[in-house]
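Here is the structure we will look at, set down as structure tokens.
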Amino acid sequence: MKQPLVKIEDVYKDYQLPKKYLFQKAPFFRALHGINLELNQGSSFGIVGESGCGKSTLARIVMALDNPTSGTVFFEGRDLFNIPSAELRHLRRNFQMVFQDPYGSLNPRKNILGIVAEPLDTLKERLSFAEKKERVSQILVEVGLNAADTDKFPHEFSGGQRQRIAIARALITRPSLIVADESVSALDVSVQAQVLNLMMDLQDKYNLTYMFISHDLSVVEYVTDHVAVIYMGQIVEQGTTKSLFQNPLHPYTQTLLRAVPDVNPLNKRREVKERIPQFEMTSKSCPFLDRCIKATKNCADNAPKLVENMGHWVACFNPDVA
Amino acid sequence: MFRKLAEVFGHGLKNRSFVIGGIISLLFFLVAFLSYFWTPYPVEDINIAERLLKPSTKYLLGTDHFGRDILSMLIKGARNSVIVAFVAIGIGLGCGVPLGLTAAAKKGWVNELIMRFNDFTFAFPSLISAIMITAILGPGSINSIIAIGIFNIPVFARVARGAALSIWKREFILAARSAGKGQFKISVEHILPNISSMLIVQATIQFALGILAEAGLSYLGLGTQPPMPSWGKMLNEAHTFMHFAPQLAIYPGAAIALTVMGLNLFGDGLRDVLDPKLRRSR
Amino acid sequence: MTLLQVKDLSVTLITAQGPQEVISNINFSMDAGDKLGIVGESGCGKSISALAMMSLLPPDSQTSGKIILEDQDILSLNSTQICSIRGNRIGMIFQEPMTALNPVKKIGAQVSESIDLHMNLNRKQTLERVTELMDKVGLAVSRFPLNLYPHQLSGGQRQRVMIAMAIACNPKILIADEPTTALDVTVQEQILDLIRDLADSSGMALIMISHDLGVIAQTTQNVMVMYTGNIVEMGRTVDVFQNMLHPYTYGLFSAIPHAGSSAQKKRKRLSCIPGQVPELHLRPQGCNFADRCSKVSHKCKAIEPAATKISDQHQVWCYHPLTQEDKK
Amino acid sequence: MRIFLAKRVFTLVLTLLVATLVVFVVLEILPGDPAAVMLGINAEADTLNALREELGLNRPVLIRYIDWVSDLFTGDLGISYTYDVPVSELILSRITVSFPLALLAITLSTLIAIPLGIIAASNHNKPMDFLVMSFSQIGIAIPNFWFAMLLTILFSVTLRILPAGGFAGWDAGIGPVLKSLLLPTIALALPQSAILARVTRSALLEVLKEDFIRTARAKGVNNQGTLWKHALRNALIPVVTIMGLQFSFLLAGTIIIENVFYLPGIGRLIFQAISQRDLIVVKNLVILLAGAVIMINFVVDVLYAVIDPRLRGDKDV
């Protein structure tokens with residue numbers, strides 16, 4: 001079997017919280033709770049969840065910008081958290097990131113050349129200024145900007161153009177993986193469509209792998225071929241986009257999908273029923289217990305593991321098999 | 001670089017504080033510079049016969065109790081103020097900014113340590129440090145430089161850290177880290193340029209404060225020593241003659257006030273000139 | 001009965017490029033109990049028009065036209081009269097629940113403030129009213145005591161406090177400016193339900209401002225689509241969303257990836273509107289959308305189009321409304 | 001709130017300890033032989049030895065430090081070399097001048113500054129604002145001792161209605177005391193209030209831009225109401241910060257001002273002690289001043305939490 005490009009292995013991430021009593025052991029917040037994933041070359045993998053579910057933390061760990069508390073990430077078979085830092089720096093040319101905020105992700109004090117060329121430092125060979133400029137101009141054209149834009153500064157561009165610059169920066173080292181953390185969320189729909197199209201074209205051209213993180217389900221459905229739904233730091237459902245979106249099994253996935261307001265005013269939504277939690281939540285319970293309409297005693301006592309069901313994986317004792 | 005400076009300057013010309021403050025500050029520096037080449041009379045010349053003269057065409061601002069020319073002493077005193085304030089700013093920037101940048105980059109106990117050090121140094125206003133130093137070394141202008149410089153360190157460290165922390169949260173820092181840049185390189189390449197305008201503004205304010213502090217120390221006799229004239233020292237001497245030559249108290253004080261006001265206005269103007277640019281490009 | 005009538009409203013703001021007209025001559029009206037949506041991309045003037053109705057624009061802005069609430073022109077009132085309308089006859093909810101509440105005041109005090117200002121109640125009655133309001137927005141006082149501070153609540157809960165504040169004095173109109181943009185979908189769903197239920201049960205009119213077509217579709221009966229300070233299409237939500245006539249409205253709809261796209265065998269490119277929303281000082285002459293429009297003609301570039309009535313309920317500001325053919 | 005206080009008290013004690021260490025190192029160890037410093041270069045060997053013996057300088061450094069710190073707790077600070085009276089007595093008698101002066105000054109400056117700041121902010125960009133700002137620019141630029149001299153020239157030399165200096169003493173009654181403290185208080189307070197007014201104004205203007213101010217206005221609160229009920233408390237954090245800082249400047253200020261007006265306070269004492277090289281007095285006075293500043297910083301930190309509930313670290317719902 002072919003080796004996966006990225007292998008996320010049992011990743012936990014805890015953040016310390018401030019103490020509430022003086023002599024208490026510092027409490028922690030578990031942002032990620034045993035995440036296992038494999039991303040194959042050329043695929044686009046979606047990570048879906050609400051704010052605070054840990055999806056951005058996961059992105060940062062995959063990018064080796066943050067250390068997991070336990071577990072690790074393999075990139076092209078190499079353990080990112082167990083290699084010399086010089087090697088990691090060099091390896092970084094192969095995975096790059098496109099961020100959410102087109103205004104915050106470009107240093108306002110640097111010109112476009114400086115911004116886009118920055119990842120070139122991860123290459124082993126040192127490039128001359130002329131070589132850098134040549135490569136930057138080339139990539140700018142590729143993302144739909146002008147080769148002459150190298151001397152301009154970020155504030156001279158609109159939000160959509162800035163996001164193109166960010167894509168150019170991520171692409172300049174010809175990486176195999178691009179992690180896109182809410183990369184189109186801040187854009188207006190008309191611009192969002194342009195940027196999505198660009199990303200799709202680039203994927204076809206360079207056989208890129210995307211890890212596409214978003215809270216926008218319709219965008220994820222459109223862009224990705226595999227998807228994982230994260231709730232409170234755990235994967236609750238995972239599978240091919242097609243099977244997951246057409247046949248969501250986990251109550252949480254269903255809640256998410258149903259909550260998206262339909263653009264057709266004739267498709268009136270059902271009212272949400274008020275749920276009264278019936279079971280006491282413990283550290284062993286299913287994380288979705290207090291919001292689940294199908295919760296049982298079993299769910300309160302044991303956390304379900306991911307099991308295969310109807311062609312994809314779901315962590316639920318009572319999946320909705322229609 | 002030059003294009004940017006020219007741009008800032010162009011915006012500045014529309015700002016009243018920037019222009020007025022800039023002109024006053026420039027005059028002050030020119031006068032201080034002038035003292036190296038020329039003063040109307042040598043300030044060491046004691047001429048008891050012509051003591052405590054009122055302003056006249058010979059002595060534009062009159063003479064003091066030793067018959068020294070007040071104008072000459074003011075000109076030379078400007079030089080003294082500039083040097084003390086400059087070196088003290090240098091100490092503050094040189095130690096404070098790296099400390100602040102480190103605290104912002106490292107977080108954890110390093111940050112805690114630096115911040116405690118900061119709070120602690122704040123507990124010793126320059127006058128108290130100067131008193132301690134004088135108590136063991138005896139008075140001298142070096143004292144004032146060290147004392148004011150030490151007090152400047154936590155000021156710059158705080159400004160640098162505060163500004164740096166907000167820059168560290170921005171996404172372009174994550175981008176730089178994904179490009180394999182370490183904390184030091186990021187601090188120098190990304191953080192510093194983005195907080196430099198704040199540091200410059202703070203420096204002009206500290207410059208003004210430094211002049212005030214130096215005057216205070218010299219006034220108490222803890223700072224600059226005779227025969228080098230200083231504005232604070234002149235005020236101290238004027239105090240003795242307050243009852244029959246009150247005019248002596250006017251000039252040095254006015255010189256201090258005008259200079260400090262000029263620098264403060266310039267700092268305010270500079271902040272306004274630099275700020276909207278920052279906001280727009282965010 | 002006409003509750004609110006906006007006549008020839010124009011707003012000019014002072015920007016970095018000098019004074020710019022951000023809203024040009026918009027006209028609309030609504031009756032008691034109506035639910036009106038305003039939709040458009042950032043910078044189209046949808047929030048500005050809401051702020052104009054509340055007279056909350058920056059002091060250096062210029063406003064012309066009329067905003068008639070029942071029988072009063074809001075734009076002609078002095079500041080005392082305006083204050084007696086705000087929070088009393090018009091309530092408003094803002095986008096950022098995190099920053100829209102005063103961090104150093106207890107939530108109970110923040111909700112009771114508008115009651116104290118506009119209703120003549122004694123302390124006990126005020127407390128009763130606040131308790132009733134908190135119940136209504138789903139923050140029962142038993143679980144959420146009134147002495148909590150905003151930072152102790154989640155985003156959705158804060159937005160509920162905002163809603164309680166806005167409806168405290170039974171306003172005639174509730175303006176919701178992107179009330180759920182900062183919230184997660186599941187929370188958004190609850191907040192939208194709450195707003196709609198409150199409007200239905202009290203007969204209060206609702207102006208829902210959003211960039212999200214789905215939100216507008218699910219909460220409004222009428223809608224106006226705005227682009228760079230102009231209304232480009234207006235009508236019943238069903239008509240506009242099912243049978244859009246302006247190329248811009250159509251462009252908006254085709255640019256969003258639709259649910260069910262994963263069912264298709266081959267991924268299609270998204271159709272998108274070329275170019276970008278022009279900056280205010282770079283708006284073209286004539287129709288503002290001309291530069292990005294597929295059906296542009298010479299006329300579009302010369303003269304701004306006036307309203308074309310398609311039916312009693314449906315108007316479009318375009319010389320070349322789309323036909324069924326165009327949409328294929 | 002409790003854990004917050006506990007943490008702060010812990011840092012307070014730690015900072016105070018470090019302060020004693022620094023003062024001890026600078027004044028007792030760095031000079032090498034404090035006795036030599038006190039007596040000057042021409043001192044005889046046996047006089048030096050006698051003084052060393054008296055000061056206990058022959059004992060190990062660590063013991064000396066511990067002794068001093070415990071002395072600080074008991075209040076037995078030794079005997080002044082020049083005045084030949086217990087240092088604690090000396091300090092206590094001088095504090096009766098300095099403390100009222102500092103208190104009067106900070107009160108006066110706050111009473112002037114906060115209203116001025118509010119007036120300026122509520123008349124933003126109007127003539128009143130410009131007037132307040134001009135006052136502030138001038139006030140910041142004027143050194144307090146020069147201002148003190150100008151006041152003396154005007155009220156004592158020219159108008160002859162207030163004393164040019166000296167302290168009437170508490171035995172003379174409250175009237176003469178206030179009369180002798182009036183000019184020093186004004187000289188200290190006005191420049192301070194200039195800074196504080198400016199900070200108050202800019203803090204208010206900053207807060208007035210916040211979203212929740214718009215919310216308040218949307219509720220129908222008028223301009224005065226938003227300013228007083230919503231903006232003011234939020235603006236207090238920077239104002240309190242600056243007030244804390246000003247207190248330390250004020251201490252420094254009193255040293256100068258007491259010398260201008262010949263007031264027998266702590267400032268005058270420390271100045272005299274330095275010129276007489278009375279290290280015992282200097283050491284204890286410096287730690288007193290530094291301790292006062294540290295205490296004020298502590299109070300400011302606690303005030304933050306009183307003003308802003310977010311800083312209390314309370315439990316969430």
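Chain letters run A, B, ... following the sequence lines, proteins first and then strands; every chain starts at 1.
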Can you say whether C/Gln242 sits under 4.5 Å from chain A via the side chain, the backbone, both, or neither, judging by heavy atoms?
side chain

Quick one: what part of C/Ile273 sits under 4.5 Å from any heavy atom of chain A, side chain, backbone, both or neither?
both

Between A/Gln194 and chain C, with a heavy-atom cut-off of 4.5 Å, which part of the residue counts as in contact: side chain, backbone, both or neither?
both

Residue that, paired with C/Pro278, satisfies side chain to side chain contact (heavy atoms under 4.5 Å, CB included) out of C/Asn288, C/Asp291, C/Thr228:
C/Thr228

Which residue out of C/Ala255, C/Pro257, C/Gly155 racks up the most heavy-atom pairs below 4.5 Å with chain A?
C/Pro257

Here the gap from A/Ser158 atom OG to A/Asp188 atom CG, rounded to the nearest 0.5 Å, amounts to 10.0 Å

Using heavy-atom distances under 4.5 Å, tell me whether C/Ser254 contacts chain A through its side chain, its backbone, both, or neither.
neither

My understanding is that only one of C/Val223, C/Asp200, C/Asn222, C/Ile216 makes a side chain to side chain contact (heavy atoms under 4.5 Å, CB included) with C/Lys35; could you say which?
C/Asp200

Looking at chain A, which one of C/Leu183, C/Thr220, C/Thr186, C/Leu213 has the largest number of heavy-atom pairs inside 4.5 Å, strictly under?
C/Thr186

ring-ring contact (aromatic ring centres under 6.0 Å, His included) pairs, two or more places apart, involving residues 182-203 of chain A
none

Heavy-atom pairs under 4.5 Å with chain C are the metric here; pick the option from A/Asp201, A/Thr240, A/Thr224 that has the most.
A/Asp201

Determine the option with the most heavy-atom pairs under 4.5 angstrom with chain C, choosing from A/Asn197, A/Val223, A/Val189.
A/Asn197

Pairs flagged by salt bridge (charged side-chain N to carboxylate O under 4.0 Å, His left out) wherever residues 219-231 of chain A is involved - sequence neighbours left out
none

Mind checking the CG-CZ spacing from A/Leu217 to A/Phe245? Nearest 0.5 Å is all I need.
5.0 Å

Basic-acidic side-chain contact under 4.0 Å: A/Lys55, A/Glu50
no

Using a cut-off of under 4.5 Å on heavy-atom pairs, state which of A/Leu244, A/Leu196, A/Asn264 scores highest against chain C.
A/Asn264

If you count heavy-atom pairs under 4.5 Å with chain C, which of A/Ser190, A/Ser243, A/Ser218 comes out on top?
A/Ser190

Can you tell me which portion of A/Gln192 sits under 4.5 Å from chain C's heavy atoms? Options are side chain, backbone, both or neither.
side chain

More than 12 foreign heavy atoms under 6.0 Å from CD of C/Glu132: is that the case here?
yes

